[in-house]
Asker: 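Sharing a structure here in structure tokens format.
Naming convention: chains lettered A, B, ... in sequence-line order (proteins, then strands); numbering from 1 in each chain. Computed from a predicted model, the values in this text were never measured in an experiment.
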Number of protein chains: 2
Amino acid sequence: MVVRRQSKMRQVVYDTVVEHPVHPTAEYVYEKLKPQYPSLSLGTVYRNLGVLVEQGLIRKIESLDAADRFDGNMEPHSHVQCSVCGSLQDIFLSYDKGLDAAANRESGYAITEHNISFVGICPDCQRTQASD
Amino acid sequence: MVVRRQSKMRQVVYDTVVEHPVHPTAEYVYEKLKPQYPSLSLGTVYRNLGVLVEQGLIRKIESLDAADRFDGNMEPHSHVQCSVCGSLQDIFLSYDKGLDAAANRESGYAITEHNISFVGICPDCQRTQASD
DNA sequence: TTCTTATTAGTAATGATTATTATATCAAAT
DNA sequence: ATTTGATATAATAATCATTACTAATAAGAA
């Protein structure tokens, strides 16, 4: 295993992911930090996001978007994404081990995790559509 | 709405996705058809996969891989992907409307669908790992 | 058959991500 | 404190998947 240093840039990348209410993309983290760290490179952001995921400090999440998004909340939870505006929100549901057991029975795979993602229309877009 | 013609290439792209046991990528469909249709263009495969998804004849599925995969089975079902070799398999579970209701209570989003994806280790890779 | 328009092949362009490389920085051992 | 060996960085090039563009072709209605 590679010994990781506790570098400044990795710290601020981590902070940006954790502190941010939305689930930011690599590009977003870069744009956010660039003004304060003008020498920051996009490659550094990508590499550190990868290291942080590997360390289990953040996770990469599925999205309807093209770009990967990252989540600093390691408590197990799901996400809803709005099919109209793309907004993404957390959903906390208790982890259902029964699902894993059922999937194992069907497939023979040793299930290590499952992810539930929802698609829907956010409250704002519901209002907008209703008034059309 | 655009009027769609019934083109030869769209038909064979559809057939390839439906007939194939694994869930093929665009690249895979292209390689599969290229020998029989030497003039086939990768762009044509991508465009037709997109049209077929839009028409509800196939669906795009989530994957650990970089490339999108497609599924010709429109019966609602989930997938497991092996974290070791990447193999992908169908899992049929009854759709749980209770999940959508719970997600709606938590988020206020009008839920239109949910997807459950499993990660695990396939029987083959389990055997391989056991014998190491 | 003719006309309109979708479809195609071929290729260029884009966007996200990864790889490369030379330099800088850290941490431990001397 | 200096050296040493490794990781981290910035800058940039390269890659991979996907989309856009364009001129030629073909479906199918008139």
Asker: Just the rounded figure in Å: distance from P of D:dG28 to NZ of B:K8.
Answerer: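 About 13 Å, once rounded to whole Å.
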Asker: Pick base, sugar-phosphate or nothing for B:E27, based on heavy-atom distances below 4.0 Å to the nucleic acid.
Answerer: nothing
Asker: Over how many whole Å does the gap from A:R47 atom CZ to D:dT7 atom C1' extend?
Answerer: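 The answer, rounded to whole Å, is 9 Å.
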Asker: Look at B:R10 and C:dT7 and indicate whether a side-chain polar atom (N or O) is within less than 4.0 Å of OP1 or OP2.
Answerer: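 Yes, because at least one side-chain N or O of B:R10 sits under 4.0 Å from OP1 or OP2 of C:dT7.
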Asker: Among the nucleotides D:dT18, D:dA10, C:dT7, which one has an atom lying closest to any side-chain atom of B:D68?
Answerer: D:dT18
Asker: Picking from C:dT17, C:dA9, D:dA10, which would you name as closest to the side chain of B:L40?
Answerer: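 The listed nucleotide nearest to B:L40's side chain is C:dA9.
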Asker: Could you work out which one of D:dA17, C:dT8, D:dA10 sits closest to the side chain of B:A67?
Answerer: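 Selected nucleotide (nearest to the side chain): D:dA17.
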Asker: Tell me: OH of B:Y46 to C1' of C:dT14, nearest whole Å?
Answerer: 13 Å
Asker: What is the separation between atom CD on B:Q11 and atom P on C:dA6, rounded to the nearest whole Å?
Answerer: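 Atom-to-atom, B:Q11 to C:dA6, this comes out as 20 Å.
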Asker: For A:Y37 and D:dA8, give me the distance from atom OH to atom P, rounded to whole Å.
Answerer: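 Rounded to the whole Å, the gap is 17 Å.
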Asker: For the side chain of A:R69 and the backbone of A:V22, is there at least one donor-acceptor N/O pair under 3.5 Å apart?
Answerer: no
Asker: A:M9 CE to C:dC26 P: how many Å, rounded?
Answerer: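 The answer, rounded to whole Å, is 11 Å.
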Asker: Mark yes or no for a side-chain to base donor-acceptor pair under 3.5 Å between B:S39 and C:dA9, with no hydrogen or angle criteria applied.
Answerer: no
Asker: In terms of the nearest nucleotide of DNA chain C, which residue is placed more toward the 5' end: A:R69 or B:Q6?
Answerer: B:Q6
Asker: Can you tell me which nucleotide in C:dT8, D:dT18, D:dG28 comes closest to the side chain of B:A26?
Answerer: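 For the B:A26 side chain, the nearest candidate turns out to be D:dT18.
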Asker: Using distance alone, with no hydrogens and no angle criterion, decide if A:Y28 and A:T16 have a side-chain donor and acceptor under 3.5 Å apart.
Answerer: no
Asker: Name the residue closer to the 5' end of DNA chain D, choosing between A:K34 and B:S7 according to the nucleotide with the nearest heavy atom.
Answerer: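 Residue closer to the 5' terminus by nearest nucleotide: A:K34.
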Asker: Can you tell me the distance, in whole Å, between the OH atom of A:Y30 and the P atom of C:dA16?
Answerer: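 The answer, rounded to whole Å, is 14 Å.
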Asker: Provide, to the nearest angstrom, the distance between the CG atom belonging to A:L33 and the C1' atom belonging to D:dA8.
Answerer: 16 Å
Asker: Which heavy atom of B:G72 sits nearest a heavy atom of B:V17, and at what distance?
Answerer: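 For B:G72 versus B:V17, the nearest heavy atoms are N-CG1, 3.5 Å.
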Asker: Considering all heavy atoms of both residues, which atom of A:S41 and which atom of A:Y30 are nearest to each other, and what is their separation?
Answerer: C-CE1, 3.8 Å
Asker: For C:dT8, does OP1 or OP2 lie under 4.0 Å from any side-chain N or O of B:R5?
Answerer: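 Checking C:dT8 against B:R5, no side-chain N or O comes under 4.0 Å of OP1 or OP2.
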Asker: Find the distance between CG (A:L99) and CG (B:L93) and round it off to the nearest 0.5 Å.
Answerer: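 Result: 6.5 Å between the selected atoms.
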